[in-house]
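Worksheet: one structure, shown below.
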Protein chains: 2
Amino acid sequence: MTETVIQKPDYETALREAGVRITRPRRVILGILTDAEDHPDAMEIFKRAVALDPSISLSTVYRTMKLLEGIGAIHRHAFEGGPSRFEPAIGEHHDHLIDIETGDVIEFHSERIEELQQEIARALGYDIVHHRLELYGRRRRKK
Amino acid sequence: MTETVIQKPDYETALREAGVRITRPRRVILGILTDAEDHPDAMEIFKRAVALDPSISLSTVYRTMKLLEGIGAIHRHAFEGGPSRFEPAIGEHHDHLIDIETGDVIEFHSERIEELQQEIARALGYDIVHHRLELYGRRRRKK
DNA sequence: CTCTAGTTGCAAACGATTTGCAATTGCATT
DNA sequence: AATGCAATTGCAAATCGTTTGCAACTAGAG
Ligand SMILES: [Mn+2]
Ligand SMILES: [Mn+2]
Ligand SMILES: [Zn+2]
Ligand SMILES: [Zn+2]
């Protein structure tokens, strides 16, 4: 009998390998991150978590995000103005376009830009460790 | 007799046109911004200001930065981790490369990248209002 | 020189995030 | 299944950068 395998990050294994315990709050938070389709902030993750387990605290959300960021399991984004927002570090690299009117976050990727960044850094005598490219714009009025 | 004209932003005129008063603290802060060669944060500006006029307060520095940002006289940068940093909005647009070891900020500009950004936004149905491109890297070990 | 709205310094408030601590719990061990 | 202890938790208090209320103080128009 064949099974359809949904592609989801195996956080638990990653955590065990990092030598940290799989606790109830962590399981809940990991689940939320796993099926988040957006880029929630700590408070939003906390709300979703509380709905599943009312005993979870905001501190634990913050501590868990820091932990996951530390082992490279998630990425933290500090978009203009607001608090940090997170997303699983699965999939290929991408950057973001933020709709300054609605707050919508759109993902994109430009291999060409990535290359140019490398070139620039190299020319300046640097190796890029990471970068941040955010476009802030508004929807073009449909003529 | 010819004079060498040093290029400095005429903040005072800009401010008067924006209908705000030229006060002592503002004059001091504007002077500091005018000849800053770096990207100082509010506390750093405050320290430099106090050295010139001990009565200036940190609140005023923050209020002035917000004011100047509002009229487009300065740019605010929120580099990873640290507090907001500022720089006069004179000269052409540029982006930044931050040395993650020393904290040094290097400016660069790539017309090619700017174009690509426009293309990407346009393809997604957006007009870019502003953007943020920051490269974080470390100096390449000289082989 | 007057008058008043704009601006200030100060202290208190803020929002996001971190931290100390005592109570709890995962899990390696018997 | 019971034990032992370090890792983890919830809570409250602390921290950091920044903003704000307010009464005292000016810039600058008339
Ligand atoms: Mn994303
Ligand atoms: Mn710059
Ligand atoms: Zn990128
Ligand atoms: Zn740019």
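In this structure, CD1 of A:Ile56 is placed 11 Å from P of D:dC11, rounded to the nearest angstrom. Taking atom CD of residue A:Glu44 and atom P of nucleotide C:dT17, one finds them 14 Å apart after rounding to whole Å. Per the geometry, CG belonging to A:Leu30 stands 15 Å off C1' belonging to C:dG26, to the nearest Å. The distance between atom CG of A:Asp53 and atom C1' of C:dT25, rounded to the nearest whole Å, is 14 Å. Rounded to an integer number of Å, the gap from B:Phe46 CZ to D:dT18 C1' is 14 Å. Taking atom CG of A:Asp41 as the reference point, atom P of C:dG15 lies 14 Å away to the nearest angstrom. The CD1 atom of A:Ile45 sits 10 Å away from the P atom of C:dT17 (whole-angstrom rounding). Separating the CE atom of B:Met43 from the P atom of D:dG17 is a distance of 7 Å, rounded to the nearest angstrom.
When A:Arg140, A:Arg138, A:Arg139 are each tested for a salt bridge (charged side-chain N to carboxylate O under 4.0 Å, His left out) with B:Asp127, only one passes: A:Arg140. Among A:Leu135, A:Ile100, A:Ile98, the single residue meeting the side chain to side chain contact (heavy atoms under 4.5 Å, CB included) criterion with B:Val129 is A:Ile100.
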For nucleotides 5-7 of chain C, give me every protein contact, N/O to N/O, under 3.5 Å, one pair per line with atom names.
| from | atom 1 | to | atom 2 | distance (Å) |
| --- | --- | --- | --- | --- |
| C:dA5 | N3 | B:Arg21 | NH2 | 3.3 |
| C:dG6 | O4' | B:Arg21 | NH1 | 3.4 |
| C:dG6 | O4' | B:Arg21 | NH2 | 3.3 |
| C:dT7 | OP1 | B:Arg21 | N | 2.8 |
| C:dT7 | OP1 | B:Arg26 | NH1 | 2.7 |

Distances for protein N/O vs nucleotides 19-24 of chain C N/O pairs under 3.5 angstrom?
| from | atom 1 | to | atom 2 | distance (Å) |
| --- | --- | --- | --- | --- |
| C:dT19 | O4 | A:Ser59 | OG | 3.2 |
| C:dG20 | O6 | A:Arg63 | NH1 | 3.3 |

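Taking the six-membered ring where tryptophan is involved, the planes of A:His94 and A:His96 are perpendicular, since the angle between them exceeds 60° and thus also 30°.
If B:Arg24 and A:Thr64 are placed on DNA chain D by their nearest nucleotide, the residue sitting closer to the 5' end is A:Thr64.
From one end of the helix from C:dC1-D:dG30 to C:dT30-D:dA1 to the other, with five pairs defining each end axis, the axis direction shifts by 30° (rounded to 10°).
B:His109 pairs by the ring pair (Phe, Tyr, Trp, His ring centres under 6.0 Å) definition with B:His93, not counting sequence neighbours. Take B:Ala89 and apply the side chain to side chain contact (heavy atoms under 4.5 Å, CB included) test, not counting sequence neighbours, and it matches B:His75. The side-chain hydrogen bond (donor to acceptor under 3.5 Å, both in side chains) check on B:Glu80 picks up A:His130, with sequence neighbours excluded. Shown here are the ring pair (Phe, Tyr, Trp, His ring centres under 6.0 Å) partners of B:Phe46, two or more places apart in sequence or in another chain: there are none. Remark: B:Glu107 engages no residue in a salt bridge (Lys or Arg N to Asp or Glu O under 4.0 Å) (not counting sequence neighbours). When the salt bridge (Lys or Arg N to Asp or Glu O under 4.0 Å) test is applied to B:Glu111, no partner is found at least two apart in sequence or on another chain. The side-chain hydrogen bond (donor to acceptor under 3.5 Å, both in side chains) check on A:Arg27 picks up A:Glu12, with sequence neighbours excluded.
Residues of residues 68-78 of chain B having a heavy atom closer than 4.0 Å to DNA chain D: none are found.
Looking at B:Arg48 and B:Asp38, a side-chain N of the basic residue comes within less than 4.0 Å of a carboxylate O on the acidic one, giving a salt bridge.
For CZ of A:Arg122, the number of neighbouring non-hydrogen atoms (other residues, nucleotides, ligands) closer than 6.0 Å is 12 at most. Within a 6.0 Å radius of CZ in B:Arg24, no more than 12 heavy atoms belonging to other residues, nucleotides or ligands are found.
The shortest distance between the side-chain N/O atoms of B:Ser84 and the OP1/OP2 oxygens of D:dT18 is below 4.0 Å.
Listed by first and then second residue, the side chain to side chain donor-acceptor pair (under 3.5 Å) pairs involving residues 58-67 of chain B are B:Ser57-B:Thr60 (not counting sequence neighbours).
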